[in-house]
Amino acid sequence: MPSPALLADTAPFSGALRAPRSWLHSDAPSLSLNGDWRFRLSPTADLPEDVARPDLDDDGWDTLPVPAHWVLHGDGRYGRPSYTNVQYPFPIEPPFVPDENPTGDYRRRFDLPAGWPEDARVVLRFDGVESLYRVWLNGAEVGSASGSRLAHEFDVTDLVRAEGNVLAVRVHQWSAASYLEDQDQWWLPGIFRDVTLSARPADGLEDVWLRTAFTESAGTGSGAGTVLPELTADASAFPVALRIPELGVEAVWESPADVAPVAVGPVEPWTAETPRLYDATVAARGETVSLRVGFRTVEIRGDRFLVNGRRVVFHGMNRHETHPERGRVFDEEHARADLIRMKRFNVNAIRTSHYPPHPRLLDLADELGFWVILECDLETHGFATAGWQGNPSDDPRWRDAYLDRIRRTVERDKNHPAIVMWSLGNESGTGANLAAMSAWVHDRDPERPVHYEGDYTGEYTDVYSRMYSSVPETEQIGTDGSVAPLLGCTPAQGARQRTKPFLLCEYAHAMGNGPGALDQYEALVDAHPRLHGGFVWEWRDHGILTRTADGTPYYAYGGDFGEVVHDGNFVMDGMVLSNDVPTPGLHEFAAVAQPVALTFDGDELVVTNRRHSASTADLTLRWSVEHDGREAASGSLDLPVVEAGDSVRLALPAIPVADDAETWLTVTAELTADAAWAPAGHVVARAQLDRSAPRPVTPAGRARDWQDADGTLTLGPAVFERGRLVSLAGRAVAGPRLELFRAPTDNDEGAAYGDLAYSDASVLGVSSASLWREQGLDRLTHRVVSVHEAENGVRTVTRVSAANSAHSVTVETVWTLTDGVLDLRVEIEPSAGWPSVWPRIGVRFDLPDRDGVIDAAEWFGTGPLESYPDSTRAAYVGRFRATVAELNVEYARPQETGHRSAVREVDLGAFGFTALPDGRGRLPGFSLSRHTPQQVAAAGHPHELPESDTTYLFVDAVQHGLGSRACGPDVWPEFALRPKARTLRLRFRA
Ligand code: GAL
């Protein structure tokens, strides 16, 4: 019997476990045990220990690759993934777990390779197993361990043989450790990282830590470096030599007592922008390890977080390890492509939420350049539900487990220059065990600050960190002298927190269409130096590639595998879709986080270098002038080298201004040469200046002599039947029809975070979407009040309302034909008293396929991607073309998408229109879809959208903002759409 005792043991391991050490690139012999293993899955942990027996006949077992999660193999035979955010998928009765505990038995045979050193100790290493596992070699028990995303090494010297070894591992999905691993992600059991056997020569290097520091020599960009070596090695390993050939370093230490700091210089610093690495080796008698060192000094001075003496601003992403087919199994190519994508989108920092990633990821971060907050594998969020009662974080029985986790975290990755902070974990309440972890880190690595968001009052951490604080609250944190209460703090505690550097470890929840307000947070960071930026939640969707019964592929989320408890699509909250496609939100982020600011002041362009330390020497400035989106002139501007923090003013080029078109100047900052992460020409920043000459808008003509409409009326390209539009340019068209509904975004559906700062108290805890449904915005009915026609016009008044509602909207549409020009004016007038914000104020035109499918648009306006009132920074004015499929984003759960703001001209092939500004100069937006918002709202996944025989054109006078209320603040009032009267003016042409 296994051991209910073992499963409920809060001790993190048993047996011959070795002390944690760095993940090193060593020349000592090793043998990868990855590959096919024999595998058997049982529904319970209550099993005989036959798995350990070398003579057990496992021929009938299945095979399963290592590394892998068993639930992602076997087509359901091995269970299915399950997703929860905060909830524990088992009863909360710590440290116990249910007997229904999927248990995987793994076996594999191996021989030692020829030439394996006989006198070396032999170490068996597991880089990641979820959640608790026991190991036997040749029938003898080696030990057990938990800490799923942490490495464990067992000494198997006395058990291993030259040939015919039988290694057995029993993995339990649930254990006491599961209480500490309640991160918001899929539960994915199995041996999911590498298994390696390595020889540890007696005269080898047990551990190496090259701590580095950098001091800049004023104004030179380079400076003095120091290497502070810490070697863990037997005396017999000496002499040991540290070599950094490029710096001419060769330090040879004859004995452990000789090991001493080495001053080097001049060196170039390591930063996230200039990830300068130097190849180093540390050679002992019996082993050489290779490292890539970067020189940098991390420091907190007052309320500033500095690297190499300069303030760091995190333009960061929370990065989970997730792959649509592999789950948390590391795929280096995929990870590298993701990091390159991050660099291209101006991301400069990563928080490894909420556990250490595969160790190789840190090599990539060093190489490509990211500020990394490396987080320990810890979360006990499920205890929040019961007011944190019984939370392991403050229970002495769990102290060893907490300390074991942080030791394994820090020791494994301590050599990486990219890591500038350690994080104790996520959402684990607070308590003595967290304080103990922090104390351990402070002692072991005094050079890196300790982060933990849950330490609201700052009792044991070095930086003040919050998640999802609203814009006003973040501003209060950034300003001195405010007595505004901070979350969980007394005024005095709040005052203390304000003496520290502040960062948002999570903000801008990127679920579905959104987030809004990225620019507002960025403006705060620019204004208040205590604010050091933050980390968007999160980098990518965690969709699991799945197929419907009929074979249609789709990305699954919570509930798609029949889980008993789950949290739906809350796991699809990334800036990148499951299929690697960057969302418009990520484009917005790139525009907001651009490393140089390009602004216009009169006839000058002001270029401000917003980087940490790199100059603009790598950038070229290009410009172009467009007339109504068509290029009229272009060139480049000489950009002198602008140092970080400086700015320069440049004269604008001569701009040819058109008198019959809009004139826009676009300036871009582009990479001059190929970088490690993007080719030459890659745009890092863009700005536009409107230089249009004022142009009168020809007013629409007037019709008079109105009479009751009946029969057919033709106005230029438009045909009306009893006042109703039936065709345009020879094809069937119906509309305009008022539309106030949009398929709710995940943020529209969010209710958890009503925000006292600016929501109506009456709607706290209620999502906008549910108010919309309550008011019937998704099921409006229409009653034509009057229809009139004149020789050159048609006028309709319609009252629009919903069942059982006394609120209404009166819509007047007036078509006129004057000198061959067909104008439409739509007046939209709400009755008094509509209670909540509206999703949109617009009209819909139906374009049935039977006269030819309209499947693309060309437009002059903003693009190329969708934009909404609080997410407009990536949109620029130009002429664009896209198919309906390209116009709309395939969010994991279908929702509002595709709105192009401030449109001037749209051409749909068969016909087109010009949008004229309303009386206050505002332009509408448009979208084109194969589905109505009602159809989109009803689909849980893209494949559930019905077949369509119509294209729908929406012209919106205005849309509601996006916000990030799926887990964060609601739409800012300026961008919230309150019911109001609006006018649309469109001029159609065939
Ligand atoms: C945070 C948490 C994240 C994630 C996010 C919502 O509270 O730290 O892991 O759950 O909310 O998506």
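Counting convention: from 1, in listed order, for ligands and their atoms alike.
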Item to check | Aromatic Phe305 / basic Lys500 pairing, under 6.0 angstrom, 45° off normal | outcome: no
Item to check | Validation row, ring centre His451 to ring centre Trp371 under 6.0 Å | outcome: no
Checklist entry - Is there a nitrogen or oxygen of His381 sitting under 3.5 Å from a nitrogen or oxygen of ligand 1? => result no
Checklist entry - Just heavy atoms, cut-off under 4.0 Å: does His509 contact ligand 1 by side chain, backbone, both, or neither? => result side chain
Checklist entry - Would you say ligand 1 has an N or O under 3.5 Å from any N or O of Glu379? => result no
Checklist entry - Between Asn85 and ligand 1, which part of the residue brings a heavy atom under 4.0 Å of the ligand: side chain, backbone, both or neither? => result side chain
Checklist entry - Counting from 1, what ligand 1 atoms have a heavy atom of His354 closer than 4.0 Å? => result 3 (C), 8 (O), 9 (O)
Next on the checklist: Heavy-atom pairs closer than 4.0 Å: do any link ligand 1 to the side chain of Glu538, the backbone, both, or neither?
Outcome noted: neither
Checklist entry - Between the main-chain N or O of Arg965 and the side-chain N or O of Asp970, is there a donor-acceptor pair closer than 3.5 Å? => result no
Item to check | Identified side-chain contact (heavy atoms from CB on, under 4.5 Å) counterpart of Glu588 within the set Arg873, Glu866, Met575 | outcome: Arg873
Item to check | Ligand-residue contact atoms, ligand 1 with Tyr468, heavy atoms, under 4.0 Å | outcome: 1 (C), 5 (C), 6 (C), 11 (O)
Item to check | Validation row, ring centre Tyr468 to ring centre Tyr507 under 6.0 Å | outcome: no
Next on the checklist: If I take atom CD from residue Glu321 and atom CZ from residue Arg328, how far apart are they, to the nearest 0.5 angstrom?
Outcome noted: 9.0 Å
Item to check | Which segment of Met511 sits under 4.0 Å of ligand 1 when only heavy atoms are counted | outcome: neither
Item to check | Residue Phe570 vicinity, atoms of ligand 1 by number, heavy atom under 4.0 Å | outcome: 6 (C), 12 (O)
Next on the checklist: Need the ligand 1 atom indices (1-based, order shown) with element for anything under 4.0 Å from a heavy-atom of Asn426.
Outcome noted: 2 (C), 8 (O), 9 (O)
Checklist entry - Counting each atom of ligand 1 from 1 as listed, which ones have a heavy atom of Glu506 under 4.0 Å away? => result 1 (C), 2 (C), 3 (C), 5 (C), 7 (O), 8 (O), 11 (O)
Checklist entry - Taking the six-membered ring for Trp, is the centroid-to-centroid distance between Tyr868 and His899 below 6.0 Å? => result yes
Checklist entry - Does CZ in Arg496 sit with more than 12 non-hydrogen atoms of other residues, nucleotides or ligands closer than 6.0 Å? => result yes
